[in-house]
Amino acid sequence: MAPENILVCVAWPYANGDLHVGHVAGAYLPADIFARYHRLKGNRVVMVSGSDSHGTPIVVRADKEGKTPREVFEYFHARFLETQKNLGVSYDLFTHTDTQNHRRIGQQMFTRLLENEYLYKAKQKQLYSESQSKFLPDRLVEGTCPHCGYDKARGDQCDNCGKLLDGTELINPRSRIDGSTPVVRESEHYFFDLPALREKLVAYLSDKDSYWRSTVLDFSRNYAAHAEPRAFTRDLTWGIPIPLPDSEGKCIYVWYEALLGYLTATVEWASITGQPDEWRKFWYEKDVKIYNFIGKDNILFHTVLWQAVLLGMERLGQPWDGADVDKVFNLPYDVPANQYVNLGGQKFSKSLGVSVDVLDLTAKYGADPVRYYLTSIMPEAKDSEWSWNDFVLRNNSELLAKWGNLVQRTLSQIWKNFDQRIPTPGELSEADKALIAQSEAAFETIGGALNAVHLRDALTGAIELATATNQYLDREAPWKTIKADKARAGTQLYVAARVIDSLSVLLSPFIPFTSEAVRKQLGYKDTLFGEQYIEQVGATDDRHDVLRYNAGAARGEWKPSNLQPGQPLGGEPKGLIAKIELA
RNA sequence: GGUGACGUAGCUCAGACGGUAGAGCAGGGGACUCAUAAGCCCUUGGUCACUGGUUCAAGUCCAGUCGUCACCA
């Protein structure tokens, strides 16, 4: 079968706070598992994302801390790189939105939509701070709620009665920055004419029933069918300025340029890897599948609004891009959005201290226990719950006891009794053949689940095979066989080792580090995957750090083991997975 | 207020097309000992949120109620 082209687009984390396990389980980890699977399948995979570095919350945080917005986002960007490298999220490129490349294409997006008449000008009433000479975002204004009279309602929503507000509705409004009283001024903005694209959006969503998640589809359809115009620009200084004269202080609404990051990061990836036209393959050629991995709060942006942008632009189409006049952008094939992971029944919240810090977690326990547990509670259909107790149990009684111990008990018998080499099997019994057949079939079933982005099912399937192998060992008991018939014991251990070899591949999208270690213990000299590294790229005035992936000498393949008898083990087997004891 | 999703054993979750509830972990018991006292076998747990309705038969379809969440106005 010809290799497929897969573009894995991952939600852009907003660079005003650290990542927590909810983000990881929601988007980054599923994307990585999916990407690794497709790499093993031999498919052409590019996985991109980056830090969302513009927008009001970053400006506010910078003001509060006496820093520049750039300093704030660069701090968190660096931590995102570190966190995801430690976790093994294998981006081909994780960049950010404050690059020349992103700005240039961002302005082009605006121009294209304007040329194609999907943007129009309209006036909007907004609160303006005279003391600071700028428009105030609604959330930075407070006042008395017109509905319930609560006197500390924010301009976007009243915390008391829960009603959503428009800042101009507030009675006695005041700035939350300096307490001054804002005035109502008219501001002229560009609006995105979504009604003009309704028909195309509805058509796009019409053939997704067989594979989109129900949590994503109905909701998106309803919105697409009734989509109203939305503001496309904002009064903002920290963002991408709109490329028109007399438009100072107007930037592209951050949401749209973050979405555009999927395209711009692909362009940057192509350029960095010295094949500047390669992005065209993924965005224009039709034999490509684009996946967007996101959390449930982002669904509409990724199932309707992003499609609207792509449909509205049609293509990049500027002089430097003139070859594309007859091309049209690809739209996402699937948007497997996840629900949330909660903690103690509450949402994660940095400000309330409800959080599990990922940097801390990987430093203490390593990536794989975290990846394993988060996959097992991945909120594919509904919200799930992080439990420290469960984290420990899953690690100790599943990952370690079922899988780590299976490898350990098999290889240590081979090490001690078979000259530290994979034994040469004799004739296979029915039981031997049955287990091997089961392990071979697993590549189909688990692969199917992975391809359909049913990641929890896929992991469960792999663990079931580990259990079957443990059962096989207990029934065959090579430690007994060896006393009377060493050759038969060698066959039994060969069968177990061969299935373990397959399992290390089947499990590798989920727990890549452990799988590499197993592979090494089995005596292989190569690796399943390539390497991740952080690197500085860009011209002098555009330097930035990115996370990259280099396939290099990776030899992993999604196919059953062909373990060679006589292969020397890679050293004395020792525990792969540490037991976790909570202090 | 609108749209949508969710509410199943102690915990985490499965349960197209309706036929009297399943898995893993935890808990209890057992035989073994190669293994990080891990693995294996057996086993105790459930008013399937609530109330009505359709049906010979409903976690499974319909209506309503309550609760949780996301997005939109």
Side-chain angles (χ1 to χ4, degrees), chain A residues 22 25-26 147 156-157 161-166 169 194 209-210 213-228 230 294-305 337-342 345-347 373-418 449 454 456-457 459-461 463-464 466-483 489 492-493 496 573-581:
Chain A
H147 302 286
D156 55 341
Q157 183 169 25
C161 66
K163 289 218 164 87
L164 293 170
L165 306 173
D166 187 292
E169 296 177 73
L194 287 168
D209 294 81
S210 63
R213 294 182 180 172
S214 63
T215 46
V216 175
L217 192 53
D218 294 344
F219 179 63
S220 302
R221 276 184 175 150
N222 187 273
Y223 184 80
H226 303 96
E228 294 297 323
R230 287 177 66 113
I294 58 166
K296 68 174 170 181
D297 54 330
N298 290 349
I299 290 174
L300 287 181
F301 288 94
H302 289 81
T303 57
V304 179
L305 299 180
N338 274 346
Q339 308 296 300
Y340 279 179
V341 175
N342 297 316
Q346 297 181 76
K347 277 186 289 186
Y373 177 58
L374 287 180
T375 305
S376 74
I377 62 165
M378 205 163 261
E380 291 177 338
K382 57 187 171 191
D383 288 359
S384 69
E385 182 76 20
W386 170 281
S387 146
W388 281 100
N389 196 39
D390 225 37
F391 168 60
V392 174
L393 282 172
R394 290 273 187 180
N395 182 75
N396 294 354
S397 56
E398 285 183 27
L399 184 57
L400 189 160
K402 279 194 195 314
W403 172 230
N405 187 239
L406 169 63
V407 177
Q408 180 69 11
R409 67 194 299 209
T410 303
L411 296 192
S412 64
Q413 289 180 83
I414 291 175
W415 181 264
K416 282 188 223 159
N417 301 317
F418 289 89
H454 297 155
R456 275 208 324 222
D457 276 358
L459 180 58
T460 303
I463 292 298
E464 276 169 7
T467 294
T469 313
N470 276 318
Q471 289 166 334
Y472 168 86
L473 281 178
D474 277 279
R475 275 197 309 268
E476 298 288 325
W479 54 92
K480 278 185 189 161
T481 313
I482 197 167
K483 293 172 187 164
Q492 292 163 338
L493 289 170
K574 50 178 200 282
L576 287 165
I577 295 144
K579 185 172 259 194
I580 296 175
E581 318 265 4

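A quick note: this is a predicted structure, and the numbers were derived from the prediction, not measured. What's counted below: heavy atoms across the whole structure, side chains too, no hydrogens, waters or symmetry copies. Just so it is clear: chains get the letters A, B, ... in the order the sequence lines come, proteins before strands, and each one is counted from 1.
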Please answer whether the main-chain N or O of A:Ala337 pairs with a side-chain N or O of A:Arg213 as donor and acceptor at a distance below 3.5 Å.
yes
Check: A:Ile580 main-chain N/O paired with A:Asn396 side-chain donor or acceptor under 3.5 Å:
yes
In terms of the nearest nucleotide of RNA chain B, which residue is placed more toward the 5' end: A:Lys574 or A:Asp218?
A:Asp218
So which one's nearest nucleotide on RNA chain B is more toward 5', A:Asn222 or A:Lys480?
A:Asn222
Base, sugar-phosphate, or nothing for [X], non-hydrogen atoms under 4.0 angstrom?
| X | result |
| --- | --- |
| A:Ile577 | base |
| A:Ala381 | sugar-phosphate |
| A:Leu411 | nothing |
| A:Glu398 | sugar-phosphate |
| A:Arg394 | base |
| A:Gln471 | sugar-phosphate |
| A:Ser387 | nothing |
| A:Thr460 | nothing |

Rounded [atom1] spacing from [N] to [M] in Å:
| N | M | atom1 | answer |
| --- | --- | --- | --- |
| B:G4 | B:U44 | P | 42 Å |
| B:G24 | B:A70 | P | 33 Å |
| B:U12 | B:U54 | C1' | 35 Å |
| B:G67 | B:A49 | C1' | 8 Å |
| B:G7 | B:C13 | C1' | 13 Å |
| B:G64 | B:A26 | C1' | 38 Å |
| B:G45 | B:U55 | C1' | 32 Å |
| B:C50 | B:G46 | P | 15 Å |

Check every atom of [options] against the side chain of [X] and return the nucleotide holding the closest atom.
| X | options | answer |
| --- | --- | --- |
| A:Ile377 | B:A14, B:U12, B:U36 | B:U12 |
| A:Arg456 | B:U36, B:C71, B:C13 | B:C13 |
| A:Asp390 | B:C71, B:U36, B:U12 | B:U12 |
| A:Phe219 | B:U3, B:U12, B:U36 | B:U3 |
| A:Lys402 | B:C69, B:G24, B:C72 | B:G24 |

Are any of [X]'s side-chain N or O atoms less than 4.0 Å away from OP1 or OP2 of [N]?
| X | N | result |
| --- | --- | --- |
| A:Lys382 | B:U12 | no |
| A:Lys579 | B:A38 | yes |
| A:Ser397 | B:A38 | no |

Taking every heavy atom of A:Ile377 against every heavy atom of A:Trp386, the minimum-distance pair comes out as CD1-CA, 4.2 Å
Once you round it to whole Å, what is the distance between P of B:A23 and CG of A:Leu393?
19 Å
RNA chain B in dot-bracket, Watson-Crick or G-U pairs under 3.5 Å, [ ] crossing, | other strand?
(((((((..((((........)))).((((.........)))).....(((((.......)))))))))))).
Looking at the base of B:G39, is there any donor atom on it, or on the side chain of A:Asp474, that sits under 3.5 Å from an acceptor on the other one?
yes
